[in-house]
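Owing to the predicted nature of the structure, the values given are computational and were not obtained by experimental measurement. Position 1 is the first residue of the sequence; numbering continues from there.
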Amino acid sequence: MQKLSCLTTLFFMLLASNVSTAQCSQEHTDLTTLLSPSTMVVEAQVKNASSFWGSGGEMIYTRYELEVFQVFKGKARNTVELIALGGVVGDQAMKVMPSTELQVGEMGVFALKPAVYDLPRSSAAAMQSVAPNGPVVTYSPDYEEAYFFTGEITDRSAAYQKIINETHTVPVRQKAFPKRKILNRSFMPQIDSITPDLVAAGIGDIITIHGQGFGEGTGT
């Protein structure tokens, strides 16, 4: 663990002078500025993630496999390889700020351009995110809300239209959008009451939830 913490600390020190500048520029970047340098804009979902060492052995990268549902700009296959700086390989880790850190299952609209990193030849067609923090819009297939990187909250249809207005293209549907999960309410727990009505946080007070359908096991 000492090796891991030392490497991470060293990398933070090397990047510290650029962190605040990068974060400020991202905060004040508008959608037009962000999409202009992109060669590909896709609606996609993260299917897999894995980290690896670059060709020179000096940088760790993370490879994200994006399953494409819709293409707003450029041409894309059913899957796109997105490469981001930083990751964990064995007991060694590198952290870059701001960084593109995605979770498997995360979904949204990604503005991409060809990766310029020191990568193996097998990643020749890999892309990198134009936005340092990842997707320009994120959302769940189970809900209508869409969240822009600027902090704006809208619905998916409005988000699509904003992207279309910027790219000036007709989006191409690659794959059907994931079906919304239907909750089976007959198996959902029913809450009748919660006691006490008021507790203080952080001091270990106990609340009790009264109802039915919580399952057979004892929960906490």
Side-chain angles (χ1 to χ4, degrees), residues 15 18-49 61-87 96-119 123-178:
L15 293 169
N18 296 325
V19 170
S20 59
T21 303
Q23 287 177 335
C24 290
S25 62
Q26 170 70 2
E27 182 178 347
H28 295 94
T29 300
D30 59 23
L31 189 60
T32 302
T33 304
L34 200 61
L35 294 183
S36 294
S38 65
T39 59
M40 181 188 300
V41 179
V42 296
E43 175 187 56
Q45 186 171 35
V46 181
K47 301 302 291 183
N48 294 293
Y61 300 92
T62 297
R63 177 187 292 106
Y64 297 101
E65 180 188 356
L66 303 182
E67 181 180 17
V68 178
F69 293 93
Q70 192 168 196
V71 180
F72 291 91
K73 182 180 180 180
K75 295 182 179 180
R77 298 182 177 180
N78 292 333
T79 59
V80 172
E81 184 179 6
L82 169 62
I83 304 295
L85 293 169
V96 181
M97 295 295 290
S99 62
T100 302
E101 295 183 355
L102 306 173
Q103 301 296 322
V104 174
E106 186 172 348
M107 189 171 189
V109 176
F110 297 80
L112 308 172
K113 62 182 179 180
V116 296
Y117 306 132
D118 181 19
L119 304 173
S123 299
M127 309 294 285
Q128 69 183 73
S129 176
V130 174
N133 294 329
V136 296
V137 185
T138 57
Y139 42 76
S140 167
D142 298 324
Y143 303 98
E144 289 299 324
E145 292 86 359
Y147 304 87
F148 276 89
F149 71 99
T150 56
E152 178 186 359
I153 302 176
T154 181
D155 57 71
R156 283 208 313 271
S157 297
Y160 290 157
Q161 191 58 53
K162 289 177 73 73
I163 301 294
I164 292 171
N165 291 343
E166 295 295 337
T167 58
H168 305 291
T169 59
V170 178
V172 178
R173 175 65 64 180
Q174 296 276 84
K175 187 177 180 180
F177 193 81

Side chain proximity check, [X] to [Y], heavy atoms < 4.5 angstrom:
{"X": "Val68", "Y": "Arg77", "answer": "no"}
{"X": "Leu34", "Y": "Phe149", "answer": "yes"}
{"X": "Val41", "Y": "Val71", "answer": "no"}
{"X": "Phe110", "Y": "Leu102", "answer": "yes"}

Atom pair [atom1]/[atom2] of [X] and [Y] - distance to nearest 0.5 Å:
{"X": "Leu85", "Y": "Met97", "atom1": "CG", "atom2": "CE", "result": "12.5 Å"}
{"X": "Glu152", "Y": "Thr154", "atom1": "CD", "atom2": "OG1", "result": "6.0 Å"}
{"X": "Lys73", "Y": "Ile164", "atom1": "NZ", "atom2": "CD1", "result": "14.0 Å"}
{"X": "Gln70", "Y": "Gln174", "atom1": "CD", "atom2": "CD", "result": "9.5 Å"}
{"X": "Thr79", "Y": "Lys47", "atom1": "OG1", "atom2": "NZ", "result": "11.0 Å"}

Distance-minimising heavy-atom pair for [X] and [Y]:
{"X": "Ala76", "Y": "Met40", "value": "CB-SD, 3.8 Å"}
{"X": "Pro114", "Y": "Met127", "value": "N-CE, 3.7 Å"}
{"X": "Leu35", "Y": "Ser38", "value": "O-OG, 2.5 Å"}
{"X": "Met107", "Y": "Pro178", "value": "CE-CD, 3.7 Å"}
{"X": "Val96", "Y": "Gly86", "value": "CG2-N, 4.2 Å"}
{"X": "Ala146", "Y": "Ala159", "value": "CB-CB, 3.9 Å"}

>> If the test is side-chain contact (heavy atoms from CB on, under 4.5 Å), which one of Val130, Thr39, Val42 qualifies with Leu112?
In response: Val42
> In a check of side-chain contact (heavy atoms from CB on, under 4.5 Å) between Arg63 and each of Ile83, Leu119, Leu82, which one passes?
Replying inline: Ile83
Any side-chain to backbone donor/acceptor pair from [X] onto [Y]? Under 3.5 Å, distance only.
{"X": "Lys162", "Y": "Leu31", "value": "no"}
{"X": "Thr169", "Y": "Pro171", "value": "no"}
{"X": "Thr100", "Y": "Ala84", "value": "no"}

>> Please evaluate residues Phe69 and Gln45 with respect to the criterion side chain to side chain contact (heavy atoms under 4.5 Å, CB included), reporting the C-alpha separation (whole Å), side-chain torsions for both, the decisive distance (0.1 Å), and the verdict.
In response: CA-CA 8 Å; Phe69 293 93; Gln45 186 171 35; 3.7 Å; yes
> So, are Arg156 and Glu43 salt-bridged, with charged N and O less than 4.0 Å apart?
Replying inline: no
> Partners of Glu166 by side-chain hydrogen bond (donor to acceptor under 3.5 Å, both in side chains), sequence neighbours excluded?
Replying inline: Thr32
> Could you walk me through whether Val109 and Tyr139 pass the side chain to side chain contact (heavy atoms under 4.5 Å, CB included) check?
Replying inline: CA-CA 9 Å; Val109 176; Tyr139 42 76; 3.8 Å; yes
> So, do Tyr61 and Tyr117 have ring centers that fall under 6.0 Å from each other?
Replying inline: yes
> Which pairs pass salt bridge (charged side-chain N to carboxylate O under 4.0 Å, His left out) with one or both residues in residues 99-116, sequence neighbours excluded?
Replying inline: Lys95-Glu101
